[in-house]
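Below, each value reflects all heavy atoms present in this structure, side chains not excepted, and no hydrogens, waters or symmetry copies. Letters go in sequence order (proteins before strands), and every chain restarts at 1.
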There are 2 protein chains.
Amino acid sequence: MKKLLSNIKIEIPQEIYLKDPESSSLGKKILEYSIILIEEGGFENFNFKKLGKHIGSNESSIYRYFDSKHKLLVYLTSWYWGWIEYQLVLETYSITNAKEKLLKAISILTRTTKQDTNFSYINEVLLNQIIINENSKSYLTKDVDTENKEGYFMSYKRVVQRFSDIITAYNSQYKHSLSLANTVIEGALHQHYNRMHFKSITNCNSNITPSDFFTDLVLKTISVNE
Amino acid sequence: MKKLLSNIKIEIPQEIYLKDPESSSLGKKILEYSIILIEEGGFENFNFKKLGKHIGSNESSIYRYFDSKHKLLVYLTSWYWGWIEYQLVLETYSITNAKEKLLKAISILTRTTKQDTNFSYINEVLLNQIIINENSKSYLTKDVDTENKEGYFMSYKRVVQRFSDIITAYNSQYKHSLSLANTVIEGALHQHYNRMHFKSITNCNSNITPSDFFTDLVLKTISVNE
DNA sequence: CAAAATTAATAGTAATACTATTATTTTAGC
DNA sequence: GCTAAAATAATAGTATTACTATTAATTTTG
């Protein structure tokens with residue numbers, strides 16, 4: 001993805017952070033290196049002390065940006081889904097044909113991530129790996145309901161809703177567009193995961209991509225009788 | 001589910017436990033109350049000290065059954081998928097019609113769990129809630145690959161494969177039966193979760209069940225031209 | 001009934017996920 | 001260029017966690 005817009009910023013609900021990490025160089029380092037460290041060692045083995053060491057900063061300084069490592073994960077997942085939404089809008093905006101739009105949307109939501117040069121301190125390829133491995137941990141907690149009410153998961157839900165709208169635009173008779181949208185988005189993460197760790201329960205490999213599988217699935221499921 | 005077989009035991013890979021919890025009354029209490037406590041407070045807030053208190057036993061005694069709370073979770077998920085496999089086999093065995101068999105399989109994999117009186121110390125309804133909330137945490141770790149090699153996730157993978165076979169029996173031309181099987185099984189857990197926590201991104205409610213959604217999806221996706 | 005196995009009790013450890021306080025450095029306005 | 005405010009760093013401390021190790025008491029079994 002090339003530099004198309006120079007002043008874009010992915011919006012993150014304010015409740016998630018104490019101080020906006022995009023507002024300072026330390027904050028940006030926190031984002032940059034937390035992505036590297038979480039991808040490398042997994043979320044469980046990540047902590048603010050290690051992160052501080054890597055960025056030559058102090059644990060206590062990181063706590064001035066984020067309440068907890070959980071909130072940092074919520075920030076990263078929100079950023080990711082905000083970025084996906086941005087691509088969904090940008091890349092389908094000018095498409096008028098509903099089927100073409102649908103196919104493009106599926107492709108965006110199921111493809112392997114490419115680096116986006118618009119955001120220098122975010123490595124989108126590593127972040128995508130974090131989403132595959134850790135996304136569900138951001139909401140599979142006892143606090144989901146309160147955090148959901150406070151808007152922590154808006155970015156993700158907006159992506160599902162936008163994709164659902166694209167499905168409905170193609171076939172207004174289909175009754176389960178939200179569930180289908182959610183199934184494709186989550187399912188794509190699973191297929192990517194299985195390809196890496198559980199090869200025996202997926203058909204996805206170097207020849208068949210998650211995009212192939214889900215394109216076929218969606219088209220057959222909501223196909224309009226022609 | 002009524003008592004059909006009196007001497008069945010769900011088989012769990014030996015590597016998962018130090019001492020078979022089904023071999024003693026303390027072991028059975030560990031299973032019974034860990035299910036209650038994990039369902040109640042979530043896996044993160046669960047530990048062996050609390051469990052010991054609840055069963056009037058000592059933390060150190062629990063460690064003689066399981067190396068870690070992670071392995072106990074792997075045990076519970078293995079038990080669950082073993083139990084699902086048992087239902088899949090039992091309830092579809094005598095069905096000769098491929099479509100009927102497929103519909104029954106989807107129903108088993110997506111339905112809301114009912115108590116099974118065959119296993120007195122396992123509350124399957126609570127265990128199903130644990131699977132919805134915690135299943136992915138059993139494998140989304142840095143040790144997946146080694147644990148997978150040691151057979152920790154066999155029960156789950158066997159369910160996917162059996163369902164995939166049922167799909168193939170209905171339509172041998174369909175090329176993505178494993179991915180579809182996995183998508184339905186994981187997707188069903190997600191739809192149940194969304195129904196409870198993220199209502200705005202699912203169509204499942206009191207009128208539309210996950211079974212309805214996935215039955216429609218699978219039939220359309222693999223329908224044989226008639 | 002004695003030996004073996006199991007369970008309980010106690011203590012201890014390194015790491016985690018923070019909080020609180022104070023000191024130092026950086027930045028911004030005048 | 002100075003001062004005040006803001007940001008960051010350093011230090012220390014806490015409760016909890018996820019265990020391990022050792023010994024003692026109890027239960028089971030041959």
Side-chain angles (χ1 to χ4, degrees), chain A residues 14-34 37-38 40-76 121 134 137-138 140-143 147 152, chain B residues 14-34 37-38 40-76 121 134 137-138 140-143 147 152:
Chain A
Q14 285 204 12
E15 292 73 25
I16 295 173
Y17 52 79
L18 296 169
K19 180 183 166 152
D20 183 358
E22 309 220 34
S23 70
S24 76
S25 69
L26 176 61
K28 286 171 188 169
K29 269 191 198 166
I30 291 173
L31 298 183
E32 181 174 1
Y33 283 86
S34 64
L37 290 181
I38 294 173
E40 205 176 277
F43 184 65
E44 280 71 28
N45 301 311
F46 167 83
N47 65 46
F48 284 179
K49 201 163 207 166
K50 285 181 196 170
L51 175 58
K53 250 185 197 161
H54 270 84
I55 60 180
S57 184
N58 200 275
E59 191 190 1
S60 58
S61 304
I62 301 165
Y63 275 106
R64 309 199 98 237
Y65 286 83
F66 294 102
D67 257 352
S68 62
K69 71 171 187 169
H70 170 247
K71 287 217 183 166
L72 173 52
L73 179 63
V74 174
Y75 185 98
L76 294 178
Y121 46 94
E134 327 284 0
K137 296 175 193 168
S138 70
L140 292 178
T141 70
K142 272 289 145 183
D143 304 319
E147 294 189 345
Y152 285 32
Chain B
Q14 285 203 12
E15 292 74 26
I16 295 173
Y17 51 79
L18 296 170
K19 180 183 167 153
D20 183 359
E22 308 219 36
S23 71
S24 76
S25 69
L26 177 60
K28 286 173 186 168
K29 267 191 198 166
I30 290 173
L31 297 183
E32 181 174 1
Y33 283 87
S34 64
L37 289 181
I38 293 173
E40 205 175 276
F43 184 64
E44 280 72 28
N45 301 311
F46 168 84
N47 65 46
F48 284 180
K49 201 163 207 168
K50 284 182 196 168
L51 175 59
K53 248 183 198 165
H54 271 85
I55 60 181
S57 184
N58 201 275
E59 191 190 0
S60 58
S61 305
I62 302 164
Y63 275 106
R64 310 199 95 238
Y65 286 83
F66 294 102
D67 256 353
S68 63
K69 71 171 187 167
H70 171 247
K71 288 219 183 165
L72 173 53
L73 179 63
V74 173
Y75 185 98
L76 294 177
Y121 47 93
E134 327 283 359
K137 296 174 192 168
S138 70
L140 292 178
T141 69
K142 271 289 146 181
D143 305 318
E147 293 190 345
Y152 285 33

J.: Kindly compute the distance separating NZ (B:Lys50) from CG (B:Asn45), expressed to the nearest 0.5 Å.
T.: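 Those atoms lie 5.5 Å apart.
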J.: Roughly, in whole Å, what's the span from CD1 in B:Ile62 to P in C:dA8?
T.: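 From B:Ile62 CD1 to C:dA8 P: 9 Å.
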J.: Under 4.0 angstrom, heavy atoms only, what part of the nucleic acid is B:Tyr63 near: base, sugar-phosphate, or nothing?
T.: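 Here B:Tyr63 touches the bases of the nucleic acid.
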J.: Would you call the rings of B:Phe48 and B:Phe46 parallel, tilted or perpendicular, where under 30° means parallel and over 60° means perpendicular?
T.: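 Rings of B:Phe48 and B:Phe46: perpendicular, as their planes differ by over 60°.
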J.: Report yes if at least one side-chain N or O of A:Lys69 is closer than 4.0 Å to OP1 or OP2 of C:dA17; otherwise report no.
T.: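 Affirmative; the distance criterion is met.
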J.: For B:Phe66, answer base if it contacts any base atom (sugar-phosphate contacts may also be present), sugar-phosphate if it contacts only those atoms, and nothing otherwise; contact means non-hydrogen atoms under 4.0 Å.
T.: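 Nothing, no heavy atom under 4.0 Å.
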J.: What distance separates B:Lys28 NZ from B:Glu22 CD, expressed to the nearest 0.5 Å?
T.: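 Here the interatomic distance stands at 7.0 Å.
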J.: For A:Phe46 and C:dC18, give me the distance from atom CZ to atom P, rounded to whole Å.
T.: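 Nearest whole value for this atom pair: 11 Å.
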J.: Could you tell me how far apart A:Lys53 (NZ) and C:dT16 (C1') are, to the nearest whole angstrom?
T.: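 A:Lys53 atom NZ is separated from C:dT16 atom C1' by 14 Å.
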J.: Distance check needed: C:dA17 P versus A:Asn47 CG, whole Å only.
T.: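 Roughly 6 Å, once rounded to whole Å.
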J.: Tell me: CD1 of B:Ile55 to P of C:dA8, nearest whole Å?
T.: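 Rounding to the nearest Å, CD1 of B:Ile55 and P of C:dA8 are 8 Å apart.
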J.: Picking from A:Asp20, A:Leu26, A:Leu18, what satisfies side chain to side chain contact (heavy atoms under 4.5 Å, CB included) with A:Tyr65?
T.: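 With A:Tyr65 as partner, side chain to side chain contact (heavy atoms under 4.5 Å, CB included) holds for just one option, A:Leu26.
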J.: Given the rule in the side-chain hydrogen bond (donor to acceptor under 3.5 Å, both in side chains) test, do A:Ser60 and A:Asn58 qualify, once you have shown the distances and angles that lead to the verdict?
T.: CA-CA 5 Å; A:Ser60 58; A:Asn58 200 275; 2.8 Å; yes
J.: Name the nucleic acid region contacted by A:Lys49, choosing base, sugar-phosphate or nothing; use a 4.0 angstrom heavy-atom cut-off, strictly under.
T.: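 The answer is nothing, as A:Lys49 stays clear of every strand by at least 4.0 Å.
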J.: Quickly work out the B:Leu18 CG to C:dT6 P distance and round it to whole Å.
T.: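 Going from B:Leu18 (CG) to C:dT6 (P), I get 12 Å.
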J.: Reckon B:Asn58 has a side-chain N or O less than 4.0 Å from the OP1 or OP2 of C:dT7?
T.: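 No, because none of the side-chain N or O atoms of B:Asn58 sits under 4.0 Å from OP1 or OP2 of C:dT7.
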J.: Quick one: NZ on B:Lys29 to OG on B:Ser61, what's the gap to the nearest 0.5 Å?
T.: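 So the gap between those two atoms works out to 11.0 Å.
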J.: Can you measure A:Tyr65 atom OH to C:dA17 atom C1' for me and round it to whole angstrom units?
T.: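 Going from A:Tyr65 (OH) to C:dA17 (C1'), I get 20 Å.
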J.: On DNA chain D, reading 5' to 3', which nucleotide is the first and which the last to sit with an atom under 4.0 Å from a heavy atom of chain A, could you check?
T.: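 Footprint of chain A along DNA chain D, 5' to 3': D:dA7 to D:dT11.
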J.: Is any side-chain heavy atom of B:Lys71 closer than 4.5 Å to one of B:Tyr17?
T.: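 They are not in side-chain contact.
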J.: Could you check A:Glu44 against A:Ser60 and say which one's nearest nucleotide on DNA chain C is further toward the 5' end?
T.: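 The 5'-side residue here is A:Glu44.
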J.: Does C:dT26 have OP1 or OP2 under 4.0 Å away from a side-chain N or O of A:Ser24?
T.: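 A:Ser24 to C:dT26 OP1/OP2: no side-chain N or O under 4.0 Å.
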J.: Mapping A:Glu59 and A:Arg64 onto DNA chain D by nearest heavy atom, which one lands closer to the 5' end?
T.: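 Per heavy-atom nearest nucleotide, the more 5' residue is A:Arg64.
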